[in-house]
K.L.:
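Have a look at the structure that comes next, please.
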Amino acid sequence: MNTKLIEEKWIKYWEEHQTFKTDINDFSKPKFYALDMFPYPSGVGLHAGHPEGYTATDIVCRMKKMQGYNVLHPMGFDSFGLPAEQYAIKTGNHPAVFTNENIKTFKYQLKSLGFSYDWDREVSTSDPSYYKWTQWIFKNLFNDGLAKYVDMPVNWCEELGTVLSNDEVINGKSERGGYPVVRKNMKQWVIDIPKYAEKLLNGLDEIDWPESTKEIQRNWIGKSTGALVTFKVKDTPYDFTVFTTRCDTLFGATYCVLSPEHELVSKITSQEQKEKVENYQKECSLKSDLERTELNKDKTGVFLGAYAINPVNNESIPIYISDYVLASYGTGAIMAVPAHDERDYDFALKFNIPIIQVLEEVTGTPHENEEKKNSIVAVIYNPQNDKYLTLNWHSLGGRLFIGGTIKDNETPLECALREITEETGLQNLELVATLPKINHHYYAYNKNKYFNIESTGFFFKLKDDSIMIEPKKEEDENFTLEWVSKEEIINEVKDELHAKTFAYALNPGAMVGDGNHINSEFLNGLNKEEAISKMISYLEERNLGKKQINYRIRDWIFARQRYWGEPIPVVHLEDGSIVALKDSELPLVLPELKDYSPSKTGASPLLKATDWLNVTIDGQKGVRETSTMPGSAGSSWYFLRYIDPHNEKEFANYELLKHWMPVDLYVGGPEHAVGHLLYSRMWNNYLYDKGLVPYKEPFKKLVHQGMILGSNGIKMGKRYPEYSVNPMDIVNLYGADTLRFYEMFMGPLQADKPWSDTGVIGSKKFLDRVWNLYTTENKISSEDNKALEKIYHKTIKKVTEDYETLNFNTAISQLMIFINAVYKEKNYPRYMAEDFIKLLNPIAPFMTEEIWEKLGHQESIANEPWPKYDETKIVDEEIEIGVQVNGKLRSSIVISVDEDDEKVQEKALKEENVQKHMEGKTLVKVIIVKNKIVNIVVK
RNA sequence: GCCCAAGUGGCGGAAUAGGUAGACGCACAGGACUUAAAAUCCUGCGGGUGUAAUAACCCGUGCCGGUUCAAGUCCGGCCUUGGGCACCA
């Protein structure tokens, strides 16, 4: 089989006959819209990952077409971007030259792979006839107040000479190139995506997407429900508002923190603290994102010399600034509750701020008529041998720590020290930590009483001069003192109170869980949820605060200081106002430049185009915006343009959109989860709100293809070029059908899979085996062959279902099983031979077109009807089922389908090996699962 | 640290309303064809005990425990790998 000749022949045929042209106005058939993530046309051409997703959609499209659907299967190019610009900077050529060349290569390669795209619908985001409408949508966003020009801190990358959006910054470095990114205040174009947070969140419930991707979007949107609380600043007219999700802990707030950038800082800072505060603010502004996150273990901050009034108890609490409070989230100010928040706890420890516990964990089971007591539990650690002191009460209560009831006029610490002396004789210990109080319910057998105790935990350490004197144990205290390891305690201390106390001792910090409120006046005794809602009502009644929802998602930074992107179609007028261009002035085309370099100061290359720059609008002078749009602009709506790509009056006709949207199947990588896939949803939702598109959600079903790894199991790329595979090399060696077939057979579409050179050859061998069956074996005849009937129908069923659900690897397995069966037969009925070729066609279109022609057909197989199967021909009359004795397989029997249980049991019991295993035992029962298995239970 | 996936032969992977684990392929071994090799076709192929060969038995789906007549599949607790978030109050 000469794959080269066959491929060239059919590429030409499909083009000349317009086999895959979509009649977009034909509404008579059901529609199917399959979308691939269009590629950035880089200089290196397709990589091994491209054909994977593209083949998957192609298979489904080819089958759907044969099933009678009107299929829309377009392709285009995401052609604005950095590499073209860098090429232009280097060579002085226009980036479009480079881009168009690459598009040509990509198109040639995509055609070589046999994808059934309708190339008449091709779009390129850098084509003015396309970006005219990108600009038009932006203009609408601007006029509706959703695209804004604001002064804000941005991610500035000096190396790239541009700002970046949040999803383009990874660990404080640029996604592209890995250059450092710093925060910088700049006038910026942003899109108010937070306005759509709730809609984007709710929309996720309506679409068939991978749960993991939905979860990533949910986390990125980051909805949290809480409250705003206003604090007055003591002895000043000022106040500030904080956002908190834990207003139930307000009684435990022992300080407040403003972000360093908070506007109130300069107004309330005391004279003495002024210099320190200003130095700290300066320090923070110079920190990069990387420094801010990497240094997060060590809290820093400065006291302002001012105090806030806690609105629920009128306590004065100090106000600090610290960069652990972000200006960009909530109100840029917090109330700090160190007892119940990890970060506040760390900060309070470092700055010696009081920690007030207002919530205690509840252990044990509550009971009526409990007696209340206060008590202590003391954990003592010996650093010399890494062991802890326990009392082994043996049968009376197992292993416990030192415990006891607090007497009147005794503090918990005094009680602990007294109990330690009495029970162990230890003296002169170092107190490491006082642990959070625990609310414990238990039943005392010796006293026949229920108790509810509030227990304070203590964690002590032996010191060098710790001594042990004779303890004064009481007579009924029958325990032995034992020093044991951490592991023994975890395994042996079963008492909830003591186990929990030990957990606190091992891991001291804030108590962030649920529990019982204490020290909180009207909240005492309530759990977290009850206390939150009661506190919100309390605050709202007194006008001190209110319920509030906050989102983590930030404004989408929508400008780049670069050349190769869509010009932002607005003019800055002399009077400071900004106007959008008229529709008739769109597209605003990029001017040609001599030098495309960006500037290190953040000035766009477009500033150099002086003729283009200066305009007069209605007699007023103005300058054009010189930033361009980010890469994700053009890709945020391209799926709409495919439906009506040549429309000059509107971005797409509404009636056509109504018929063709939403996209039925979208296949692409998971790396766009919080970029493109979120931005597209936002634009579509916006256009829906404007009545310009008919459906809220653009992509009904989304599937991520996995990564094709190198044969070493590691991501292909520059690091291991020797393990990388160029798909075009495979096409040249074995043909496009083999590449498509192999990539589909490797494993599940969604999984990452390593490349295997011998695996490719295996796929090639199978295709050759099919080719030989049809060209040299002489088995095909007009006579029927009953021996193949069942497997024939079964194969149609399995393959059809598996294509529909994108389980291509198991579909291929079935195709192989069928061919293996045919090889064993002398006679291969013609109707089966033809239907098999149809089933294989979506995966291996070139070879199957050629065979189809050899079978005597004049027309392309692509227009043939899809094979049908007969369910009744698949059902077996006799089947073999397993026989187990006590769950172990001992034999198998052949039964007719749906045979009576009695007969099945009789047959099963007769089996020799079954008898053997029943010998000397009594039959308990026989479990028969119809047509599946028999299990005989004996004793 | 938190959230989400996934761990099955030498390898890629099948099998989940719980019901004969290892389909299909790769690699490997043997055979046929050939002067020979390649290609092709046929057969075998989880590990072990056992047998002349069968038969039969034991162990096996990351680890430990549980539910069940029956667990790769369900539940609890770990371990490992991959992905996402990362001072979000």
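Keep in mind it's a predicted model, so treat the numbers as computed, not measured. First the proteins, then the strands, lettered A, B, ... as listed; each starts at 1.
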K.L.:
Need the glycosidic conformation of G9(B): syn if within 90° of 0, anti if not. Which one?
P.N.:
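It is syn.
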K.L.:
Contact class for E211(A) vs. all strands (heavy atom < 4.0 Å): base, sugar-phosphate, or nothing?
P.N.:
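Answer is nothing: E211(A) stays at 4.0 Å or more from every strand.
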K.L.:
What integer number of Å spans the P atoms of A5(B) and G60(B)?
P.N.:
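The same atom, P, in both gives a distance of 28 Å.
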K.L.:
Can a side chain N or O of R769(A) be found less than 4.0 Å away from OP1 or OP2 on C41(B)?
P.N.:
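For C41(B), OP1 or OP2 has a side-chain N or O of R769(A) closer than 4.0 Å.
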K.L.:
Touch check for S224(A), heavy atoms < 4.0 angstrom, all strands: base, sugar-phosphate only, or nothing?
P.N.:
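Since only primed, P, OP1 and OP2 atoms lie under 4.0 Å of S224(A), the category is sugar-phosphate.
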K.L.:
Say whether Y734(A) and Y742(A), considering side chains only, have a donor N or O and an acceptor N or O under 3.5 Å apart.
P.N.:
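No, no side-chain donor-acceptor pair sits under 3.5 Å.
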K.L.:
Can a side chain N or O of N913(A) be found less than 4.0 Å away from OP1 or OP2 on C57(B)?
P.N.:
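N913(A) to C57(B) OP1/OP2: side-chain N or O found under 4.0 Å.
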K.L.:
Using OP1 and OP2 only, check whether a side-chain N or O of N809(A) sits under 4.0 Å from A14(B).
P.N.:
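Yes, within the criterion.
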K.L.:
Categorize N820(A) for me: base, sugar-phosphate, or nothing, with a 4.0 angstrom heavy-atom threshold over every strand shown.
P.N.:
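The answer is sugar-phosphate, as N820(A) gets under 4.0 Å only of primed atoms, P, OP1 or OP2.
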K.L.:
Establish, with yes or no, whether the OP1 or OP2 oxygen of C59(B) is under 4.0 angstrom from a side-chain nitrogen or oxygen of K888(A).
P.N.:
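Looking at the OP1 and OP2 atoms of C59(B), one of them is under 4.0 Å from a side-chain N or O of K888(A).
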K.L.:
Which part of the nucleic acid, if any, lies within contact of R890(A), taking any heavy atom under 4.0 Å across all strands shown: a base, the sugar-phosphate backbone alone, or nothing?
P.N.:
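Sugar-phosphate contact only.
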K.L.:
Give a yes/no verdict on a cation-pi contact between K500(A) and Y504(A), requiring under 6.0 Å between NZ or CZ and the six-membered ring centre and an angle within 45° of the axis.
P.N.:
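The answer is yes, since K500(A) meets both limits relative to Y504(A).
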K.L.:
Using the P atom in both, what is the distance from C45(B) to G10(B), to the nearest Å?
P.N.:
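Comparing P positions in C45(B) and G10(B) gives a spacing of 16 Å.
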K.L.:
Would one find a side-chain N or O of H704(A) under 4.0 angstrom from OP1 or OP2 of A5(B)?
P.N.:
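For H704(A), the contact criterion (side-chain N or O under 4.0 Å from OP1 or OP2 of A5(B)) is not met.
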